[in-house]
Amino acid sequence: MDYLLVLKARLNEVSLESAKRPISFEEAKDWIFNTNRDSFYELSMNTFEEGYRGTDWSAIRRFNKFYPDSTFNNVSYQSAIDFRNTLLKQGNKPSGVDSYIRSLKSLWNKLSDKPNPFKGVVTKIPDTIKTIASEDDLVKLTQADFPFNNGFSGFYHYRNYWLLMFYLGGIDPEVLSKLRYDRHLVNGRIIFNRDKGRSKTSCNNVIPEQALAILETYKDASFPFFVPIYEATNYRTFSGNFSRRMRELSRKLQLSVELRPKSARYTFIDRAQQLLIDERITAQIVGHKRKTTTSIYTNDFPLEFQDKAHLSIINV
């Protein structure tokens, strides 16, 4: 339990309240040390750095909508079960629900020594077949001639987004949508944090020539983003359309599988395995947190080894 974080949050609350009205010493003491009044939501939000929008942030906000007045005394195991079941009934993916539960369990452990209501809440995740592009599929994607259209959607753009995610190291669609020249481009490389689950892993990847060629078609001094996904007013709607249109594109090109946006990442990792590339190097590129015992005692691989592996994976 991180008492310093809790104490800091409570002191901040007292400071803000005292600016509105006089607070006695006894009330301030009760405010700081009375755990019965601690809001699970408020204390969790106070632990995040400014601008953080990762899974922990999303999970506690979602739980707060389900249980607005949650404290460390009134959240029960049944509350956690009901929250999980509600998310599943709403059509959320089991893997996403499981990620939220694990985030909430972690936040609770960090902020309270009371029994964790999220402990033991299991979300059954069915086995899924990951769609992976074959060598021929990649050739068809690169050679397909789609007419250019203005905006950020359409076969021309979706194909380019997919190839960029593959070329740049199997990055996630969310990462691609946020990449900026003024923040993430450093000495010809992209440097970013992959905040997926609770990994928050830093990536430092080479930008291959294939990616540079596509990026050049979008480069515009009037906006700093790599691609125009930022024009989408609702990312969730864009994500759904991206997935649907990639399946349509796959059928149109008669690919071996119906690709999804995430398939770019799966394909990158699968090709690394087929090439017998050390999985620790692959993890370093794609932003997987390495959990092996060996990785605890080893440093990152030199960038020259990482880049050599990266370029061999995307070579078609």
Side-chain angles (χ1 to χ4, degrees), residues 1-123 174-175 178 193-202 234-236 289:
M1 171 179 164
D2 196 337
Y3 287 103
L4 289 178
L5 287 175
V6 174
L7 183 61
K8 180 181 178 181
R10 294 174 187 167
L11 288 171
N12 186 52
E13 291 175 2
V14 171
S15 177
L16 292 174
E17 189 65 21
S18 65
K20 302 176 186 175
R21 63 180 179 83
I23 294 181
S24 68
F25 174 76
E26 289 299 321
E27 183 181 357
K29 185 174 70 172
D30 180 66
W31 193 305
I32 295 171
F33 297 106
N34 182 3
T35 59
N36 291 331
R37 64 178 298 156
D38 286 343
S39 164
F40 181 35
Y41 172 75
E42 294 294 341
L43 285 179
S44 295
M45 294 298 285
N46 281 327
T47 66
F48 303 141
E49 295 179 1
E50 184 177 355
Y52 172 72
R53 294 295 184 271
T55 304
D56 289 355
W57 180 85
S58 299
I60 191 61
R61 281 171 57 87
R62 194 68 177 269
F63 186 70
N64 188 57
K65 288 182 180 180
F66 173 78
Y67 201 152
D69 300 313
S70 62
T71 70
F72 293 105
N73 289 300
N74 63 14
V75 179
S76 65
Y77 176 75
Q78 189 58 49
S79 303
I81 291 291
D82 291 343
F83 173 64
R84 179 203 63 186
N85 292 343
T86 297
L87 291 182
L88 291 172
K89 287 180 181 178
Q90 291 174 347
N92 294 280
K93 294 181 180 178
S95 58
V97 175
D98 178 65
S99 181
Y100 273 9
I101 294 296
R102 288 186 287 112
S103 286
L104 292 169
K105 182 171 69 173
S106 175
L107 285 169
W108 188 285
N109 284 338
K110 183 186 296 183
L111 297 169
S112 175
D113 56 1
K114 294 180 180 294
N116 195 321
F118 301 96
K119 184 178 181 181
V121 178
V122 178
T123 306
E174 299 94 328
V175 170
K178 297 174 183 177
N193 288 320
R194 182 180 185 257
D195 182 13
K196 202 71 174 177
R198 292 191 299 279
S199 63
K200 300 181 180 64
T201 307
S202 178
N234 186 301
Y235 180 80
R236 178 173 290 186
K289 195 166 187 177

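Since this is a predicted model, take the numbers as computed values, not measurements. Residue numbers count from 1 along this sequence.
- Put simply, the side chain of Ser99 never gets that close to the backbone of Ser95: no donor and acceptor are under 3.5 Å apart.
- Looking at Tyr41 and Tyr67, their side chains never come closer than 4.5 Å, going by heavy atoms from C-beta outward.
- Pairs engaging residues 78-93 under the salt bridge (Lys or Arg N to Asp or Glu O under 4.0 Å) rule: none recorded [sequence neighbours left out].
- Looking at Tyr235, its side chain does come within 3.5 Å of a backbone N or O of Glu174 through a donor-acceptor pair.
- The side-chain hydrogen bond (donor to acceptor under 3.5 Å, both in side chains) test applied to Ser15 returns no partner, not counting sequence neighbours.
- Checked against side-chain contact (heavy atoms from CB on, under 4.5 Å), Asn85 has the following partners two or more places apart in sequence or in another chain: Ile81.
- Residues passing the side-chain contact (heavy atoms from CB on, under 4.5 Å) test with Asp98 are Arg102, Thr123, Ile125, sequence neighbours excluded.
- Ser70 meets the side-chain hydrogen bond (donor to acceptor under 3.5 Å, both in side chains) test with no other residue; sequence neighbours excluded.
- Side-chain atoms of Trp108 come within 3.5 Å of backbone atoms of Lys114 as a donor-acceptor pair (strictly under, hydrogens ignored).
- Under the rule for a side-chain contact (heavy atoms from CB on, under 4.5 Å), Lys178 has no partner lying at least two apart in sequence or in another chain.
- Side-chain atoms of Asn92 do not come within 3.5 Å of backbone N or O of Val97 as any donor-acceptor pair.
- Residue Met45 forms a side-chain contact (heavy atoms from CB on, under 4.5 Å) with just one option from Asn64, Ile60, Asp56, Leu107, and that option is Ile60.
- Pairs of residues two or more places apart, or lying in two chains, that qualify as ring pair (Phe, Tyr, Trp, His ring centres under 6.0 Å) and include a residue from residues 82-105 are Phe63-Phe83, Phe66-Phe83.
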Please lay out, stage by stage, how Thr47 and Ser44 fare under the test side chain to side chain donor-acceptor pair (under 3.5 Å). CA-CA 5 Å; Thr47 66; Ser44 295; 5.8 Å; no
